[in-house]
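I have placed the structure first, in the form of C-alpha cells, so that the comments after it can refer back to it.
Numbers restart at 1 for each chain; the letters A, B, ... are given by sequence-line order, proteins then strands. None of the values given here were measured: they were computed from a predicted structure. Hydrogens, waters and symmetry mates are skipped; everything else that's a heavy atom, side chains included, is used.
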There are 2 protein chains.
Amino acid sequence: MTEVTTTGADLPRLRELNSLSIVRALRDHPPSTVTELSRRTGLSRPAVDVIAQGLVTDGWASVLEPGASSAVGRPARRYQFRAGAGHVLGIDVGVHKILALLADLDGAIVHSVRHAVDAQAGPEARLAELDEVVDACLTEAGKTPTDIWAVTVAVTGAVDSAGRTTFFTPLPGWKGVDLTAHLATHFSCPTVIENDCKLAALGEQWKGAATDADDIVYLLAGLRTGAGLIIDGVLRRGFGGAAGEIGALKHVRWLDAPQHLQNCPGVPETVSPDDAAAWVFNAARDGHKAARTAVNRYVKDLAVGAAALVLTLDPQVVVFGGGFSRSADLMLDPLRRELERLCLRMPEVRASTLGADSVALGALKLSLNEVDQRLFGGSLSAPVAPRR
Amino acid sequence: MTEVTTTGADLPRLRELNSLSIVRALRDHPPSTVTELSRRTGLSRPAVDVIAQGLVTDGWASVLEPGASSAVGRPARRYQFRAGAGHVLGIDVGVHKILALLADLDGAIVHSVRHAVDAQAGPEARLAELDEVVDACLTEAGKTPTDIWAVTVAVTGAVDSAGRTTFFTPLPGWKGVDLTAHLATHFSCPTVIENDCKLAALGEQWKGAATDADDIVYLLAGLRTGAGLIIDGVLRRGFGGAAGEIGALKHVRWLDAPQHLQNCPGVPETVSPDDAAAWVFNAARDGHKAARTAVNRYVKDLAVGAAALVLTLDPQVVVFGGGFSRSADLMLDPLRRELERLCLRMPEVRASTLGADSVALGALKLSLNEVDQRLFGGSLSAPVAPRR
DNA sequence: CGAAATATGCTCCGAGCTTTACAAAGTCGG
DNA sequence: CCGACTTTGTAAAGCTCGGAGCATATTTCG
C-alpha cells in the first residue's frame with residue numbers, strides 16, 4: 001500500500017546524499033583534508049566539516065591528527081575512510097581446492113586460507129571443508145560472522161538467479177546443493193553464488209590484466225573451457241545466469257579441445273592425465289614436433305569459440321586465463337593470429353596476470369560491489385559501525 | 001582545471017532534482033493533480049505546487065483548468081507534461097527507401113515521410129534524397145530544424161563511435177560518408193548514427209514484441225542477416241560498434257543462408273531475384289516440396305548463428321524480425337526446434353510485431369533517450385521551451 | 001620576531017521543504 | 001435552496017541545511 005518509489009528528496013535526504021558523496025571522495029583518496037574534500041565534492045568547507053565529523057561519530061571515518069606537515073600553513077586534520085568498519089569474504093570452491101579471502105571495505109586482503117580438497121569428494125565432504133576454511137579464515141583473523149557484510153562463493157557451472165547450480169558442473173554430486181541455504185546458517189549478511197569464469201573476469205578487471213577496460217571477454221582455458229563477460233563495466237549473467245556458455249555449441253569444439261593436449265602422442269606413461277598438458281607445453285617449448293601441433297590444434301579450437309564471443313560482443317580486451325594461462329607465451333600469438341583471421345575488429349589479447357587467484361579475487365570484488373550497492377544505492381544507515 | 005565531478009548538492013540543486021522528479025512523475029501519468037504528484041514523489045503538496053507552477057512558467061508543463069469533476073470535493077487543477085515543447089527525428093536510410101519519423105517528447109508520432117530510393121543510387125543521390133525527406137517531414141508538420149532536439153539515423157553496416165560506417169555496407173559507395181558532418185549543416189542538436197539491426201532491436205523493445213524484456217537478441221532475417229543486442233535494458237554497441245556481427249564467422253553460414261531461398265529449384269523465371277524468397281515462402285505454405293526444404297535449410301543456417309548469440313548472452317527473448325518475418329508462421333517453430341537442440345537454456349522466440357518500421361522507431365527511441373539523458377542526467381535548464 | 005599562508009570554528013543569511021491553518025470550490029443530502 | 005462535508009489552493013511559521021564571511025589558530029618563511 002505504501003508508495004515505495006519515493007523519488008523526491010527533502011533536507012535530511014540531501015544531507016544523506018552529501019554524506020555519501022563525501023564517503024565516496026574519501027574512499028578514492030584515503031587521507032583527505034577538509035579543503036580537499038570540499039574541492040572534490042563542490043561543497044563548501046563548513047558543510048564538509050560538519051558532515052565529516054558526523055561520519056566520524058557514526059564510525060564511517062577516522063581522523064589522523066596533524067602530525068608532521070610538509071607544507072606551509074596550519075597543518076590540516078586528515079580524515080580517512082574506516083575500511084575496517086566491515087569485512088567481506090570471497091570464496092573459490094574449486095575441484096581441487098577451496099580458497100577463502102577476507103578483505104576490509106577497501107578491498108585490502110586481511111587474511112586468506114587455502115585447503116586442498118579431493119577432486120572426488122562428494123557434496124557433504126566439500127561443504128564440511130568449506131565450513132572449515134571459513135572458520136579458519138575468520139578465527140585466524142580474529143573476526144566473527146557478524147563482522148562480515150557480504151559473502152560471495154564461486155562454483156563451477158551455470159548459476160541461476162536463486163543461486164542454484166543448474167545444468168551441469170564438474171563438482172561431483174553438486175547439482176542439487178542449495179549453497180545459499182547452507183551459508184544462511186552461518187551468515188546473516190547477503191550471500192551470492194556465482195559462476196567461477198564470470199568471477200575470474202571480474203577479478204581481472206579489478207586487479208588483473210584489464211583494469212583499463214569496460215568491455216572484456218575472459219577466457220578460462222584449462223581442463224575445462226569457459227568464459228566470463230563484462231559489458232559496459234558490469235559483469236553480465238544473462239537472463240538465466242548462463243551467459244558465456246558458448247562452449248555448449250557443437251560447432252565450437254570447446255568440450256574436446258583440451259584432449260588435443262591430453263592425448264598428444266609422445267606423453268610418457270609416467271605422467272598423470274592431469275599433468276599431461278603441462279608436459280606438452282614444456283615439450284612444445286623444447287621444439288617437440290607433436291607437442292607443437294597439439295598446442296596449435298588446441299588454440300585453433302579455442303579460437304573458434306573466442307571468435308564467436310568477440311564477434312557477438314566486440315570487446316576491447318580478451319583476457320587469456322585459466323590453468324593454461326601459465327603457458328600463455330606459447331599460445332597468445334597463435335590465438336591472436338586465429339582471431340585476426342576470424343573477427344571483424346580485432347580486440348587486444350592479454351594474458352591473465354592473476355592466474356588461479358582471479359576467481360577468489362573476483363568473488364571478493366562482487367562482495368564489495370554488493371556492499372557498495374547497499375551503501376551508495378540506498379541510505380547510509382543500515383549497518384552502522386559504532387566502535388573505534 | 002575546473003573540477004567537473006561536482007557530486008555534492010546544494011539547495012538549488014535539490015530543487016532541480018525535485019523538479020526532475022516531478023517531470024518524471026508527470027510523464028508517467030499525463031494529467032496529474034498536485035495531490036497525486038505529492039503522493040507519487042513523496043514531496044509535500046505545497047512543495048509540489050511551487051515546483052509545478054515553476055515548470056509551467058518554464059514551458060515544461062501546462063495546466064488543464066478544472067472542468068467537469070467526477071469526485072466529491074473541490075475539483076483539482078491538473079498538470080500535464082508539455083510533450084510539444086520539443087520534437088525528435090528518427091530516420092531509416094535503407095537500401096530501397098528512406099523513412100523519417102517525427103515525434104514529440106512523449107514519443108507520439110506527429111508526422112512521417114517515406115520516399116523510395118533506387119537501390120543503386122550513389123551516396124550523393126542518397127544524401128540529397130535524405131535531405132528532401134527531412135525537409136518534407138519538417139515543413140509538412142510545420143516545424144523548423146530548431147524545433148528538433150535530437151536526430152538519429154539508421155544505416156546498414158557497423159558504425160563506430162564517431163558515426164562513421166566502417167568495414168562494409170550494402171549501400172553503394174557509402175563507406176566514407178561522414179553523415180554526422182552532413183547533418184551538422186542542417187541541425188545544431190545532437191545527431192546519432194547507428195546500425196539498423198541495433199535500432200530495430202530497440203524499436204521492438206520500445207513498442208514491439210519484447211516490451212517486457214530487458215535481455216533481447218533481435219534477429220534481422222532478410223536478404224541480409226544481422227543482429228541487435230539489448231542487455232540489461234540497454235542497447236549494446238560493443239567497444240568498436242561491431243557487436244552482434246556473428247554472421248562474419250565462417251562457421252556461421254549467415255552470409256549465404258538466404259541463397260537457400262533465392263536459388264531454390266522451381267522458382268519461375270518471371271520472378272525477380274528480390275521476390276524469389278517471397279515466392280518460396282508462399283510455395284512452402286502450399287506444400288511445395290523443394291520450397292519446404294529450402295526454408296528448413298535456411299532456418300537451420302540461421303539457427304547456428306542465433307544459437308551462438310543465445311549461448312553467449314542467455315537472453316530472455318529472441319525476436320525474429322527483418323523482411324522474412326512476414327513469413328514467421330513458417331519459420332518460428334523450426335527455429336525453436338533448432339535452438340532447443342543447440343542451446344542450454346531456451347529463450348522465448350517471438351515474431352517481430354513492427355516489421356520494417358522497427359528500424360525507424362528504434363531510431364526515434366534513441367533520439368528520445370538522448371533527450372532524456374540530457375534532461376534527467378544533468379540539469380533541466382538546457383533547451384528551455386518558453387512559448388505556450 | 002613579524003608576515004604570509006593555510007586551517008579551523010563560529011555566526012549570519014538565504015533557500016527550500018514540511019507542518020499547520022485557513023479560505024475556496026465543489027458535491028451530497030435533506 | 002441550504003448546510004455539512006470533502007478536497008483543493010494558498011499563506012504563514014518553523015526547521016534544517018548549505019554558503020559566505022570573519023575572527024582565530026598554527027605553521028613556515030624571510
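Using a 4.5 Å heavy-atom threshold, the side chains of A:V317 and A:D215 count as separate. Taking 4.5 Å as the limit, some side-chain heavy atom of B:I51 sits within range of a side-chain heavy atom of B:R15. For the pair B:L55 and B:Y79, the minimum side-chain heavy-atom distance is 4.5 Å or more.
Going from atom CG of B:L37 over to atom C1' of D:dT8 covers 14 Å, rounded to whole Å. With rounding to whole Å, A:D49 atom CG is found 19 Å from D:dC22 atom P. Rounded to whole angstrom, the span from the CZ atom of B:R45 across to the C1' atom of C:dC17 amounts to 14 Å. The CZ atom of B:R39 sits 15 Å away from the C1' atom of D:dT8 (whole-angstrom rounding). Spacing between atom CG of A:L11 and atom P of C:dC17 amounts to 8 Å, rounded to whole angstrom units. Rounded to an integer number of Å, the gap from CZ of A:R78 to C1' of C:dT8 is 15 Å. Between B:I22 atom CD1 and C:dG16 atom P there is a gap of 14 Å when expressed in whole angstrom units. Between the P atom of D:dG9 and the CD1 atom of B:I51 lies a distance of 15 Å, rounded to the nearest Å.
Residue B:V34 places its side chain closer to D:dG9 than to any other of C:dG9, C:dT18, D:dG9. Closest contact between the side chain of A:R77 and the listed nucleotides D:dA11, C:dG9, C:dG16 involves C:dG9. With D:dG9, C:dG16, C:dA25 as the candidates, the nucleotide lying closest to the side chain of B:R15 is C:dG16. Between D:dG18, C:dG16, C:dT18, one nucleotide has an atom nearer to the side chain of A:L14 than all others, and that is D:dG18.
Atom-to-atom distance recorded for A:S32:OG and A:R78:CZ is 7.0 Å, nearest 0.5 angstrom. In this structure, CG on A:L105 lies 8.5 Å from CG on A:D372, to the nearest 0.5 angstrom.
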Just the atom pairs and distances: protein N or O near nucleotides 4-6 of chain D's N or O, under 3.5 Å.
none

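Contacts of B:P12 with the nucleic acid, taken as non-hydrogen atoms under 4.0 Å apart, involve only primed sugar atoms and P, OP1 or OP2. No contact: A:E36 has no heavy atom under 4.0 Å from any strand.
The existence of a salt bridge linking B:R13 and B:E16 is confirmed by a sub-4.0 Å separation between a basic side-chain nitrogen and an acidic carboxylate oxygen.
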Give the C-alpha distance, both sets of side-chain angles, the deciding distance and a yes or no for side chain to side chain contact (heavy atoms under 4.5 Å, CB included) between A:L202 and A:I230.
-> CA-CA 7 Å; A:L202 198 56; A:I230 291 177; 4.2 Å; yes

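Contact annotation: B:N18 reaches the phosphate of C:dC17 (side-chain N/O to OP1 or OP2, under 4.0 Å). When the side-chain nitrogen and oxygen atoms of B:Q53 are compared with OP1 and OP2 of D:dT10, one or more of them lie within a distance under 4.0 Å.
Mapping A:T35 and B:V50 onto DNA chain C via the closest heavy atom, the residue that lands nearer the 5' end is A:T35. Along DNA chain C, the nucleotide nearest A:T33 and the nucleotide nearest B:P46 are compared for position; the residue whose nucleotide lies closer to the 5' end is A:T33.
Side chain of B:S367 to backbone of B:V88: no donor-acceptor contact under 3.5 angstrom is found.
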